Amino acid sequence: MASSLTCTGMIWALLSFLCAAASCIGFFMPYWLLGSQLEKSVSFGTFRRCSYPVRDESRQTTVMVEQCGRYASFQAIPSAEWRICTVVTGWALISRTVGRVAGGIQFLGGLLIGSGCALYPLGWDSEEVRQTCGNLSNQFELGSCEIGWAYYCTGGGAAAAMLICTWLACFSGKKQKQYPY
């Protein structure tokens with residue numbers, strides 16, 4: 001079966017798929033920020049969290065529920081910056097599907113995902129993150145937490161889409177043969 005893609009075009013298509021996969025996996029996983037609270041591991045994504053404190057009224061104490069889940073509502077996301085990050089990153093991932101065909105849209109998708117990653121640290125000053133990061137966190141200051149693999153996966157996919165895949169898209173198609181008639 002003949003292809004209208006050059007070897008560069010096939011590499012572009014493969015890398016586009018890998019970038020989209022990395023960004024999607026990273027976006028949906030709640031491992032952007034890692035910390036601990038009440039001696040339990042806690043992790044956050046833009047719209048998900050693993051392990052959270054709940055008041056146990058029968059024992060008059062706070063216990064950690066060691067489960068992952070989404071916030072109950074969009075407004076329950078701990079900061080406005082994380083809500084914006086969720087919207088721009090999620091919207092960009094929709095555009096990235098089309099980005100496999102159009103390098104310009106792919107670049108825009110990578111730019112939006114990168115913007116979401118840049119906005120994420122602005123939400124580290126929320127009360128929920130401070131409780132987890134030793135009350136030392138602030139915007140762009142992690143306190144006792146650390147950045148998780150999903151954040152790097154999302155940002156790396158965005159950077160590769162913007163830099164490598166967009167450049168490869170320029171060379172992806174074969175030149176059409178010119179016929180003299």
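Excluded from the calculations below are hydrogen atoms, water molecules and symmetry mates; all remaining heavy atoms, backbone and side chain alike, are included. A quick note: this is a predicted structure, and the numbers were derived from the prediction, not measured.
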| Cys pair C117, C85: SG separation below 2.5 Å | no
| query | Do T46 and I77 come within less than 4.5 Å of each other through their side chains, counting heavy atoms only? | reply | no
| So which heavy atom on T132 is nearest to which on Q37, and how close? | OG1-OE1, 3.0 Å
| said: One pair to check against side chain to side chain contact (heavy atoms under 4.5 Å, CB included): C68 and R48. What are the steps and the verdict? | reply: CA-CA 7 Å; C68 295; R48 297 183 70 204; 4.2 Å; yes
| request: Treat each ILVMFWY residue as a node, draw an edge where side-chain heavy atoms are under 4.5 Å apart, and state whether M29 and Y152 are in one component. | output: no
| query | For G143, does its backbone N or O pair with a side-chain atom of S137 as donor and acceptor, under 3.5 Å? | reply | no
| field | Residues in salt bridge (Lys or Arg N to Asp or Glu O under 4.0 Å) contact with E128, at least two apart in sequence or another chain | value | R49
| Is Y71 linked to Y120 within one hydrophobic cluster, defined over Ile, Leu, Val, Met, Phe, Trp and Tyr using a side-chain heavy-atom separation of less than 4.5 Å? | yes
| message | One pair to check against side chain to side chain contact (heavy atoms under 4.5 Å, CB included): M64 and V42. What are the steps and the verdict? | response | CA-CA 9 Å; M64 290 298 287; V42 176; 3.6 Å; yes
| query | Between Y151, W124, F44, W149, which is the residue that forms a ring-ring contact (aromatic ring centres under 6.0 Å, His included) with W32? | reply | Y151
| request: Treat each ILVMFWY residue as a node, draw an edge where side-chain heavy atoms are under 4.5 Å apart, and state whether I25 and Y31 are in one component. | output: yes
| Aromatic centroids of F74 and F47 separated by under 6.0 Å | no
| In chain order, what residues pass the side-chain hydrogen bond (donor to acceptor under 3.5 Å, both in side chains) check against E66, with sequence neighbours excluded? | K40
| note | In short, S79 meets G123 closest at the heavy-atom pair OG-CA, 3.2 Å
| remark: The salt bridge (Lys or Arg N to Asp or Glu O under 4.0 Å) partners of E39 (sequence neighbours excluded) come to none
| message | Checking the side chain of S36 only, and the main-chain atoms of S41 only, is there a donor and an acceptor separated by less than 3.5 Å? | response | no
| field | With D56 via salt bridge (Lys or Arg N to Asp or Glu O under 4.0 Å) - residues at least two apart | value | R59
| note | In terms of heavy-atom contacts, G157 and C19 come closest through O-CB, 3.6 Å
| query | Do L33 and L142 touch side chain to side chain, with heavy atoms closer than 4.5 Å? | reply | yes
| said: Hydrophobic clustering (ILVMFWY, side-chain heavy atoms < 4.5 Å, transitive) - are F140 and L34 grouped together? | reply: no
| task | List the steps and the verdict of side chain to side chain contact (heavy atoms under 4.5 Å, CB included) for L136 and E141. | result | CA-CA 8 Å; L136 301 171; E141 294 178 29; over 6 Å; no
| task | Output all residues satisfying side-chain hydrogen bond (donor to acceptor under 3.5 Å, both in side chains) with N135, sequence neighbours left out; order by chain, then residue number. | result | none
| query | What do the steps show when you test V129 against W82 for side chain to side chain contact (heavy atoms under 4.5 Å, CB included), and what is the final call? | reply | CA-CA 11 Å; V129 174; W82 285 15; 3.4 Å; yes
| field | Results of side-chain hydrogen bond (donor to acceptor under 3.5 Å, both in side chains) for T61 - residues two or more places apart only | value | none
| field | Heavy-atom closest pair, residues E57 and Q60 | value | O-NE2, 2.7 Å
